[in-house]
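Note sheet for the following structure.
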Amino acid sequence: MKASSSALIVVDVQNDFCPGGALAVPGGDEVVPVINAMMPEFQTVVLTQDWHPSGHSSFASQHDGKAPLETTEMSYGTQVLWPDHCVQGSRGAEFHAALNTDPAQLIIRKGFRAGIDSYSAFFENDQKTPTGLLGYLQTRGVTSLVMTGLATDFCVNYSAQDAARLGFEVTVDLQACRGIDLGGSLNEALRDMKAMGITISA
Ligand code: VGL
Ligand code: ZN
């Protein structure tokens, strides 16, 4: 059992990011048994859940002439446009059926505001609107995080980088993550995370 100062963060292990889902990450479902096996080691387990209203502004379907995986400029910067995914209450937004959700004390939902996306578990994509996770972890005395889930180069990456900037000791466990890899985004994410002092465990 790890110290109570350590938490397991499980990012977006939802049907839409698994094979057959709307935004399937290659091998996304393979993280499920790995994460389930890690959970008993941690006294704090937090799940995140991508949770978009229908018609969310990150969906390519909301932008005339745009296809999924193209980008657009939003008030807060460049945004990748995605297929419709993780719509609130849909089957695609549910956690993978084999993920053990029982040990989790907190589920953070993110991306629920129509006009702004939220990759990170800590801040929305404007990099200033908080999700509340920081307060939860701080008030519970958590200082060290092990990050797992989907996708390595988007939500895991943004969450890990925010955590490092906020002063947490961060490890990303690659056995328990899978990436999308859009135009080299996976290697870029790994390089950026290492440069920030995040431990990448293979
Ligand atoms: C994610 C793209 C859009 C993720 C969420 O969980 O990495 N990626 N929404
Ligand atoms: Zn999303």
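Indexing begins at 1, ligand by ligand and atom by atom, following the structure's order. Start at 1 with the first residue, then count along the sequence.
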Roughly how far apart are Lys110 NZ and Glu124 CD, rounded to 0.5 Å? 10.0 Å

Which residue supplies the protein heavy atom nearest to atom 6 (O) of ligand 1, what is that atom called, and how far is it? Asp12 OD2, 2.6 Å

May I ask you to check whether His85 and Phe59 place their ring centers less than 6.0 Å from one another? yes

For a distance under 2.8 Å, tell me if Asp12 has an N/O/S atom near the Zn ion (ligand 2). no

When only distance counts, is Lys110 in polar contact with ligand 1, meaning an N/O pair under 3.5 Å? no

From the options Leu99, Thr148, Asp102, select the one residue that forms a side chain to side chain contact (heavy atoms under 4.5 Å, CB included) with Met39. Leu99

Considering only N, O or S atoms, which atom of Asp50 is nearest to the Zn ion (ligand 2)? OD2

Evaluate Trp82 for polar contact with ligand 1, using N/O atom pairs at a separation under 3.5 Å. no

Any donor-acceptor N or O pair under 3.5 Å, side chains Thr44, Gln105: no

What protein heavy atom is closest to atom 8 (N) of ligand 1, reported as residue, atom name and distance in Å? Phe154 CB, 3.9 Å

Counting each atom of ligand 1 from 1 as listed, which ones have a heavy atom of Leu150 under 4.0 Å away? 4 (C), 6 (O), 7 (O)

Is it the case that the side chains of Ser159 and Asp162 hold a donor-acceptor pair, with the cut-off being a distance below 3.5 Å and no angle test? no

Can you tell me how far OG1 of Thr129 sits from CZ of Arg113, rounded to the nearest 0.5 angstrom? 6.0 Å

Does the residue His85 have a heavy-atom contact with ligand 1, meaning some pair of atoms that are separated by less than 4.0 Å? yes

Donor-acceptor pair, side chain of Thr48 and main chain of Asp12, under 3.5 angstrom: yes

Rounded to 10 degrees, what angle sits at the Zn ion (ligand 2) between His52 NE2 and His85 NE2? 90°

Per-atom filter on ligand 1: closer than 4.0 angstrom to a heavy atom of Cys155 are 1 (C), 4 (C), 5 (C), 6 (O), 7 (O)

Contact atoms of ligand 1, heavy-atom distance to Ala151 under 4.0 Å: 4 (C), 6 (O), 7 (O)

Under 3.5 Å, is there a donor-acceptor pair linking the side chains of Ser61 and Asp84? yes

